[in-house]
Amino acid sequence: MQTMMIRGDQPLFFHKLRGPLLRLWEKAGIDSLEQVEGAACSGLAGRVRAEAENQEARLGVANQKVRPGAANQNQAVQPHKTHFEAFLQRAENFRTTCPPDVWQKETEALRQLWTVIEPEACRKNVQILVQPLVIPARLPVAALPLLDGWNVHEDPHIPPEQFSPLVLLWLQETGAKPIGTISGKIKRVEAGDGVAVFFADMNDPAGCGESRTGIPVVHEYRDHGVEHIDEGMFLLQANLDDSSPEWMAHAMERLLEAGANDVHFLPVTMKKSRPGVLVQVLCYQSRLEELKSVLFQETTTFGIRYFPVACHRLARQFATVKTQWGEVPVKIGLHRGKQVQCSPEYAICATLAKEAGIPVKQVHQEALSLALAMKVR
């Protein structure tokens with residue numbers, strides 16, 4: 001999954017954001033809505049991009065419709081009616097916060113954008129991170145619910161009517177998340193009128209910051225071959241005193257399937273001295289919402305605590321040692337280039353021990369001795 005970032009020095013509007021978004025989307029070669037459905041869309045992406053750069057042509061084709069089965073590539077493709085119309089119906093609640101002429105331009109731009117970057121397809125291909133949103137000072141009260149959870153910066157020089165509720169609603173649909181600073185290597189950039197959209201490689205420690213110790217500080221870095229400090233992690237906690245152990249075992253399986261890095265059950269004492277269990281889940285920030293849903297669905301909790309955490313991971317290497325009973329894979333941990341951890345694969349040790357009729361610790365100890373004698377680079 002690629003990581004896209006959106007940054008603007010003015011309030012975000014679709015008629016300004018659309019052009020850079022479509023150009024970047026096409027250059028990245030990401031599947032569009034039509035490609036997901038099995039139709040060719042390269043011509044469509046290029047056409048919509050051209051429309052985004054030509055105001056008159058853009059407005060002239062906005063309301064054209066494609067007949068079922070029509071092959072005329074000069075006609076504009078309409079977005080999915082069910083999802084798109086449901087989106088517009090929800091957006092009607094915020095229409096009064098936007099001047100009529102701005103609302104018209106925004107819905108036309110959104111309609112064209114949706115034919116290529118439909119939110120559901122976007123969720124499957126791209127993680128969108130948004131830097132602090134610039135908003136007008138004295139924003140209408142009706143629009144404030146749209147800012148829930150976002151990092152914002154008020155600008156007193158921007159008129160209150162310069163605000164697009166449709167952009168924030170679309171960002172919610174795509175699963176976009178706020179982010180304070182860039183932590184990654186910028187790959188491709190498309191800029192427009194007061195807005196920039198770019199892809200960043202979050203898996204490149206060389207492009208990220210460093211801690212005082214010189215260890216790379218990264219965000220959701222999934223390659224553990226390099227020692228790093230990952231600041232893209234969240235820790236979720238929930239207290240349970242009325243859950244069956246069988247349910248909790250099932251909940252752990254569901255959490256791990258949904259992308260949890262670690263799941264722990266810890267004994268705790270709750271209200272009225274009742275014994276209970278603390279469920280603790282470590283995950284990447286991008287998996288937070290899905291894992292919260294799993295916890296609510298699969299446990300009896302009425303509330304979840306969660307907070308950002310950093311995870312310092314050793315560089316990991318893998319080797320194989322030959323014991324007298326067979327080969328054993330070994331995981332090696334490096335801190336500042338020096339070996340500090342060594343762990344033979346228990347399951348293999350147990351299998352070899354069972355076949356040889358000896359204690360498992362005998363196989364484990366020989367594998368460990370052989371691994372510690374190796375020279376690790």
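Heads up: numbering here begins at 1 and tracks the sequence.
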message: Taking the side chain as everything from C-beta on, heavy atoms only, tell me whether Arg222 gets closer than 4.5 Å to Tyr284.
response: yes

- prompt: Apart from Leu314 itself, which Ile, Leu, Val, Met, Phe, Trp or Tyr residues share its cluster (side-chain heavy atoms under 4.5 Å, direct or through members)?
  reply: Val340

field: Atom pair CZ (Phe302) and CZ (Phe296), whose distance is rounded to the nearest 0.5 Å
entry: 10.0 Å

- prompt: CG/Leu113 to NE2/His15 distance, rounded to the nearest 0.5 angstrom?
  reply: 13.5 Å

message: Is it true that, when you exclude Gln89 itself, more than 12 heavy atoms of the residues, nucleotides or ligands shown sit nearer than 6.0 Å to its CD?
response: no

- prompt: Going by heavy atoms in the side chains, are Leu24 and Met4 under 4.5 Å from each other?
  reply: yes

- prompt: When clusters are formed by joining ILVMFWY residues with side-chain heavy atoms under 4.5 Å apart, either directly or through shared neighbours, do Leu256 and Val277 land in the same one?
  reply: yes

- prompt: Under 4.5 Å between any side-chain heavy atoms of Arg305 and Asn239, yes or no?
  reply: yes

message: For Tyr306, I'd like to know if atom OH has over 12 heavy atoms of other residues, nucleotides or ligands within 6.0 Å.
response: no

query: Within the side chain of Ser273, is there an N or O that forms a donor-acceptor pair under 3.5 Å with the backbone of Thr269?
result: no

message: Counting only heavy atoms from other residues, nucleotides and ligands, does the tally under 6.0 Å from CD of Glu92 exceed 12?
response: yes

task: Measure the spacing between CG of Leu133 and CD of Glu154 and express it to the nearest 0.5 Å.
output: 12.0 Å

Lys177 and Ile128, any side-chain heavy atoms less than 4.5 Å apart: no

- request: Would you kindly say whether Gln10 and Lys16 are connected by a side-chain donor-acceptor distance under 3.5 Å?
  value: yes

query: If you round to the nearest 0.5 Å, how far is OH of Tyr221 from CD1 of Ile229?
result: 13.5 Å

field: Verdict with reasoning, Met248 to Thr299, per side chain to side chain contact (heavy atoms under 4.5 Å, CB included)
entry: CA-CA 7 Å; Met248 293 171 61; Thr299 73; over 6 Å; no

field: Evaluation steps, side chain to side chain contact (heavy atoms under 4.5 Å, CB included), between His250 and Glu298
entry: CA-CA 8 Å; His250 177 70; Glu298 300 292 351; 3.2 Å; yes

field: Cluster check Phe84, Val116: I/L/V/M/F/W/Y, side chain < 4.5 angstrom
entry: yes

message: Using side-chain heavy atoms (C-beta onward) and a distance below 4.5 Å, is Glu366 in contact with Trp325?
response: yes

Worked verdict on Glu85 versus Arg90 for salt bridge (Lys or Arg N to Asp or Glu O under 4.0 Å): CA-CA 9 Å; Glu85 291 179 355; Arg90 185 158 62 96; over 6 Å; no

Reported CG-to-CE distance for the pair Leu240 and Met270, which is rounded to 0.5 angstrom: 7.0 Å

message: Using modelled atom types and a 3.5 Å cut-off, is there a donor and acceptor pairing between side-chain atoms of His157 and backbone atoms of Asp155?
response: no

Shortest non-hydrogen contact from Cys283 toward Leu236: SG-CD1, 3.6 Å

message: Using side chain to side chain contact (heavy atoms under 4.5 Å, CB included), reason through Val197 and Leu17 one step at a time and then give a plain yes or no.
response: CA-CA 8 Å; Val197 184; Leu17 186 62; 3.6 Å; yes

query: Same cluster or not: are Leu146 and Val130 linked, directly or through other Ile, Leu, Val, Met, Phe, Trp or Tyr residues, by side-chain heavy atoms under 4.5 angstrom apart?
result: yes

message: Walk me through whether Gln341 and His335 qualify under side chain to side chain donor-acceptor pair (under 3.5 Å).
response: CA-CA 9 Å; Gln341 301 292 350; His335 177 51; over 6 Å; no

For a quick test of your reading: what N or O donor-acceptor pairs under 3.5 Å do the side chains of residues 163-172 make, sequence neighbours left out?
{"from": "Ser164", "atom 1": "OG", "to": "Glu106", "atom 2": "OE1", "distance (Å)": "2.6"}

- request: Treating Ile, Leu, Val, Met, Phe, Trp and Tyr as nodes and any side-chain heavy-atom pair under 4.5 angstrom as an edge, say whether Leu235 and Val263 lie in one connected cluster.
  value: no

query: Atom NZ of Lys187 and atom CZ of Phe199: how far apart are they, to the nearest 0.5 Å?
result: 8.5 Å

field: Shortest non-hydrogen contact from Ile158 toward Pro136
entry: O-CB, 3.5 Å

message: Can you see whether Thr300 engages Ser243 through a side-chain donor-acceptor pair at a distance of less than 3.5 angstrom?
response: yes

Student check: side-chain heavy atoms of His153 and Ile135 closer than 4.5 Å: no

field: Heavy-atom pair of closest approach, residues His364 and Cys349
entry: CA-SG, 3.9 Å

message: Can you give me the closest heavy-atom contact between Ala258 and Leu291, atom names plus distance?
response: CB-CD2, 3.6 Å

task: Give a yes or no on whether Asp242 atom CG has more than 12 heavy-atom contacts from other residues, nucleotides or ligands under 6.0 Å away.
output: yes

- request: Check whether the side chains of Gln285 and Glu220 place a donor and an acceptor atom closer than 3.5 Å, and report yes or no.
  value: no

- request: Answer yes or no: is there a side-chain heavy-atom contact under 4.5 Å between Leu370 and Leu372?
  value: no

Residues Glu227 and His312: side-chain donor-acceptor under 3.5 angstrom: yes

field: Taking every non-hydrogen atom, the tightest pair across Ala137 and Pro156
entry: CB-CA, 3.7 Å

Any Leu278 side-chain heavy atom under 4.5 Å of His264 side chain: no

- request: Answer with yes or no whether the hydrophobic clustering places Leu12 together with Val102; edges join I, L, V, M, F, W, Y residues whose side-chain heavy atoms lie under 4.5 Å apart.
  value: no

- line: Nearest heavy-atom contact between Pro329 and Ile348 is CD-CG1, 3.8 Å

- request: Kindly indicate, with the supporting measurements, whether the criterion side chain to side chain contact (heavy atoms under 4.5 Å, CB included) is fulfilled by Phe198 and Arg188.
  value: CA-CA 5 Å; Phe198 51 94; Arg188 288 181 292 271; over 6 Å; no

field: Check ion pair Arg111-Glu108 (N to O, under 4.0 angstrom)
entry: no

- prompt: Is the NZ or CZ atom of Arg287 both under 6.0 Å from the centre of the six-membered ring of Phe234 and within 45° of that ring's axis?
  reply: no

